[in-house]
There are 2 protein chains.
Amino acid sequence: MNTYNPRLWALLALIVSLNTLADNGEQSSSWTLSTSPNGNIAAEVRLTEGRLQYRISYRDRPVIMPSSLGFVFKDEPALMGPFTHVETSVREVDTAWTLPWGERKHIADHFTELRYKVRETADPEREMAVVFRVYDDGVGFRYEIPDQPGLTQFEIIDERTEFVFAENYHAWWIPAYRDQRYEYQYARSALSSLDVVHTPLTLQGDEITIVVHEAALVDYASMTLRMESDNSKTLVSDLVPWANGVRVVAQTPLKTPWRTLQIAEQPSDLFSSNLILNLNEPNKLGDVSWVEPGKYMGIWWEMHIGLKDWSPGDKQGATTERAKDYIDFAAEHGIDGVLVEGWNTGWEGEWWQRAPTFDFTRAVEGFDINEVVNYGKRKGVRLVGHHETAAGIQHYEAQMEEAFRFYERLGVKNVKTGYVGTRLDGNQWHHGQYMVRHFQNVAETAARHRITINAHEPIKDTGLRRTYPNMMTREGARGMEYNGGSPDTGNLPDHTTIVPFTRLQAGPFDYNAGIFNFDYREHRPHNRVPTTLAKQLALYVVIYSPLQMVPDLPENYEGHPAFQFVEDVATDWEHTRGINGVIGDYVTIARKDRQSDDWYLGAITDENARSLTVALDFLDVGTTYRAEIYEDGKNAHWRDNPEDYNIRTMTVRSTDRLDIELAPGGGTAIRFVAL
Amino acid sequence: MNTYNPRLWALLALIVSLNTLADNGEQSSSWTLSTSPNGNIAAEVRLTEGRLQYRISYRDRPVIMPSSLGFVFKDEPALMGPFTHVETSVREVDTAWTLPWGERKHIADHFTELRYKVRETADPEREMAVVFRVYDDGVGFRYEIPDQPGLTQFEIIDERTEFVFAENYHAWWIPAYRDQRYEYQYARSALSSLDVVHTPLTLQGDEITIVVHEAALVDYASMTLRMESDNSKTLVSDLVPWANGVRVVAQTPLKTPWRTLQIAEQPSDLFSSNLILNLNEPNKLGDVSWVEPGKYMGIWWEMHIGLKDWSPGDKQGATTERAKDYIDFAAEHGIDGVLVEGWNTGWEGEWWQRAPTFDFTRAVEGFDINEVVNYGKRKGVRLVGHHETAAGIQHYEAQMEEAFRFYERLGVKNVKTGYVGTRLDGNQWHHGQYMVRHFQNVAETAARHRITINAHEPIKDTGLRRTYPNMMTREGARGMEYNGGSPDTGNLPDHTTIVPFTRLQAGPFDYNAGIFNFDYREHRPHNRVPTTLAKQLALYVVIYSPLQMVPDLPENYEGHPAFQFVEDVATDWEHTRGINGVIGDYVTIARKDRQSDDWYLGAITDENARSLTVALDFLDVGTTYRAEIYEDGKNAHWRDNPEDYNIRTMTVRSTDRLDIELAPGGGTAIRFVAL
């Protein structure tokens, strides 16, 4: 509902006066201001010499200095001005909505919106608006190009959205336009050392942390950020192009994705931010009671560690018998599903080297899918579907409808998709409009069959799970598989202390923590999981995903006391709280189960041991809890002694403080059971 | 002198047997081993299926896995094998030599050398040798291509030196092939996230720190390191090309620069490494008593902070009167020289935008060079020469001989050169053979006139100061000027805690610490020096240069108690000791003056406050010292309160321990006066 707000009316008055100015054709109009509900964040827009500029500040400290806005088109004049001001509208919205599943249930949606519309002063006098939504946790802005005689069908050669940062912040980033897509460990450098990077881009200054990303990426190209003038503080949007160089094929009316800046005082405050979800459209799927968070196992890790293979033959991982082993274990331990990679035909030999030959409905010899599905049904365990495409989009789309229908018939609820390959159909970037359209197509097709998606080698997450709640989770970063040995460069111990502040600000991450057997050198002498066992548990809480994998081999879990935590830990949350964190060093997160009054806490560190003290004030006041603590043993070390851990329990209340000791590469996982 | 060494004779015996093997045409010869004098480092070479490979280990832990060696030539077959083994020779050398000036006086030169010579099995049967020198502090290896009928004049298209690292180390790096040459703040990432980087490249694993660089870069191209297979642990040498794409124009006999790996347990051990200097040729200039370390001031910072300008006119910095102010102050405070940027013609207007018009011997109106020089002579202060070329090499070389003769006549002892511009003569990279040859030319020309060089925008340092002691210091990194505001991106507080472990491993750095006035916002509202005052002092000890600038305006030093340290601190050292350090966090270095029994200590931190305890066991045993301590004040902070500092003195001996408190962006500078 809209509420009366004095700040708002003052603002409207101001705008009237400004409009007068602008309409009188002043060379440079004053800034038109919109502030966040709590007044901390200010976004401003103006015309100066006919060019559109914006700036952003936090607590009166500049964050974005005056930066220009506009487009370059193919076969049309650029839409960069000179402009004249047409109208300004402003509104404040204060409402709330519910996430069917997620890091939290109730989301406040409270923002001030500023709509600033301009028209070219010269022919063809095209109109464009820029819309700012200013929240307490950040700013989103987007372009709106209305349907108009001067502009209907067009191609965007360049979106010229400038980000002139006020300071040379520390930056956490991964490179764009490289062969491994999104799968790099994050680099830390001065902002001024950047070249071209993916979003989320996380920046840190004194008492301010900023995440630059985008929301609601629909039928457009992903935005990367490029430094054009080397060694500067200015980044410009660089939309991932089609193979022919065009960035976006568009038509009016056009609303671009939101360009977002999450702004927080402390890095751990980022875990309370809902900016990305708030800027997405509400649920379009209606009843989504069929979308269920949960856990799944998979015939998967045994391939990554070289014990088995995806290809049919002697080392074939996907067999009826092996699938039954997993189903048996899953059934005993309340795990919902079992993924079987390589069950369908097309995995023969070097499948990633050739044009895809996958048949998504035909099983290889040795795997009887009906027998497996029926065996699972008897045990209450579902098959998790798999659609590896080897980046062959056309090959996949030709079978897609049938493939999802096939899975629906078998009672499959979730499909893991995969797009291994440096280019799509041989020549398209992973993050261009071509792939954005494909993902939309997959989500909608899957939804018609009441199937949810876990996408690997995906388009980055921009919060579309709000609109399509069956877009549950995705990879889009270096996951556990890199420790298995493909390729032969393991993740460093600090990787998981960085991704919560970078990649996870975009959305859920199917990271696949939960490895219990640290010795697989027989097949992978140069690889290892760079954590302790306790950290593997803590990652279930730290790295959010509505679908959590239980990735190790059943025999590696069998009879293991620490497995109790994996069995207990929730996958759907009522609340999420960032407790502490230094990017790249350590992080602690607490979450409350949606299905019970229990809380869970995960604390992890990089390669350095640490002592943390955590105030338990996130716990419900007045409730007593049994804390079941899974922690590193005295001599635990990710390199030499990862399996040294202790389990202890104690009784705690919200007024207590807890001392946590983390080993090198270690972690602590706690279940707080409400008594 | 060569000394008898049992390990050596054992090794010789081994080699004889291996040669037999190889000569019998075995498919894969065993590894031929050479170990460091202390046995910790092992370098090995072999032929496998006719291809040349090497590997390196430290304390039996692999550092470089089997990696291939070879060349690709223009209009000639590649020199990559198949090879057959011709001969192996090994020797141990244990000698020592003296640095005329430097971080230390006496340098032990103790290594085992392995020379492994091969011949192509097929026509043209060219011969090549690879030579390894294994020291206790690292390994150097180079190619030797003898004069032979099959190879005389040739062009190198690619040097294929592989570095297959054993682990996915943490890497500290700056990007190569970018417009700002060498001037980036260092990024930290996993090795596997690299693209193409400059050397020195610093890598860190558990209990091992590695610096990859090169030594004795003469008439060859600089080596950058490129990751060819994305997301791997393998780097390959990428020589900076000529404008036409050729990497090196060569002729036999050819000895390439040494490819070097400094290997240390702790990062602070790197400050004891002499590998780069040891791999350079001895002094070729004979008597270099005319090469004198010291301090200099300059009409320079007032341009960088926008108070004055390099161009003639109202804001002209280079005036006779202003030069006399600097000379007066220098004379009072025992500072040897005064630099005057912009004194010669050619700085008019946007000099960096046009073909250079500098006249290196003609003064602009308002600057009487003879009057300034004579005034300086009376006061015992020399003019420091300046040769800004705006990257116009041909324009400079046409005047070079005359320009140095001119300065010699005026009694100038040191010239600061400059090469501002993204390409040399409009089309050559800064680090190609073209520039390497130019720097050689400059050094030799200057030496004939008994002039020393302080090069800005230089070729990276590869230790040639040993061979040409008049190559004293250089920039080649982001210096203080970036805090002045050109360009408008200041260095971050951690920059100076990284460069000692990266850039400074190559050699001296004319960083220009010593700013006392932190408020110049009138002209540079968005810039600041990101340190405390005490850290400015500490940097004189931490960042080694035989020529140290005293960069601030005389009026900013006048009557300032802390200036005493700048006046006292030595610039030539008997000993240097790394005391502690974590790359990017903090570092402490102690150095002993060559001209007295005094020691100096500098400790600096990044943006975080720290408490350090330093054992004074580096001090001479039995000597009592008066410690003159310049430290951050209780409320000091680089951002808000940089000028809060204390000076205190205490009496100490080598058995004492000292507690050091560092403010955010702070430092401590200590002079230990032998009593």
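Note that the structure is a prediction, hence the values are computed from the model and not measured. In what follows, chains are A, B, ... by sequence order, proteins preceding strands, each numbered from 1.
Of the two parts of A:Leu194, only the backbone, made up of N, CA, C and O, holds a non-hydrogen atom closer than 4.5 Å to a non-hydrogen atom of chain B. If you measure heavy-atom distances from B:His170 to chain A, the contacts under 4.5 Å come from both the backbone and the side chain. B:Glu167 does not touch chain A: none of its heavy atoms, backbone or side chain, sits under 4.5 Å away. The contact between B:Asp494 and chain A is made entirely by side chain atoms (from C-beta outward), counting heavy-atom distances below 4.5 Å. Within the 4.5 angstrom heavy-atom criterion, only backbone atoms of A:Tyr169 (N, CA, C, O) approach chain B.
Residue B:Asp60 places its CG atom among 12 or fewer non-hydrogen atoms of other residues, nucleotides or ligands, all under 6.0 Å distant.
Considering only residues two or more places apart in sequence or on other chains, A:His198 meets the ring-ring contact (aromatic ring centres under 6.0 Å, His included) condition with A:Tyr182, A:His431. Here B:Asp640 pairs with B:His637 under the side-chain contact (heavy atoms from CB on, under 4.5 Å) rule; sequence neighbours left out.
Contact of the A:Tyr184 side chain with the B:Asp230 side chain is registered, since non-hydrogen atoms from C-beta on lie closer than 4.5 Å. Two residues are said to be in side-chain contact when any heavy atoms from C-beta on lie closer than 4.5 Å; B:Tyr482 and A:Asn168 fail this criterion. Using a 4.5 Å cut-off on side-chain heavy atoms (C-beta onward), A:Ser189 and B:Gln185 make no contact.
Atoms CZ and OG, from B:Arg178 and A:Ser193 in turn, are 7.0 Å apart once rounded to the nearest 0.5 Å. The CZ atom of B:Arg188 lies 7.0 Å from the CH2 atom of A:Trp172; values are rounded to the nearest 0.5 Å.
Listed here is the closest heavy atom pair of A:Trp638 and B:Asp206: CZ2-OD2, 3.7 Å.
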A:Glu207/B:Arg639 under side-chain contact (heavy atoms from CB on, under 4.5 Å): CA gap, chis, key distance, verdict:
CA-CA 12 Å; A:Glu207 290 146 25; B:Arg639 191 175 63 254; 3.7 Å; yes

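A:Asn231 and B:Arg478 form a side-chain donor-acceptor contact under 3.5 Å, judged by distance and modelled atom types alone.
Of the listed residues (A:Ile498, A:Ile174, A:Asp195, A:Asn491), the one with the most heavy-atom contacts under 4.5 Å to chain B is A:Asp195.
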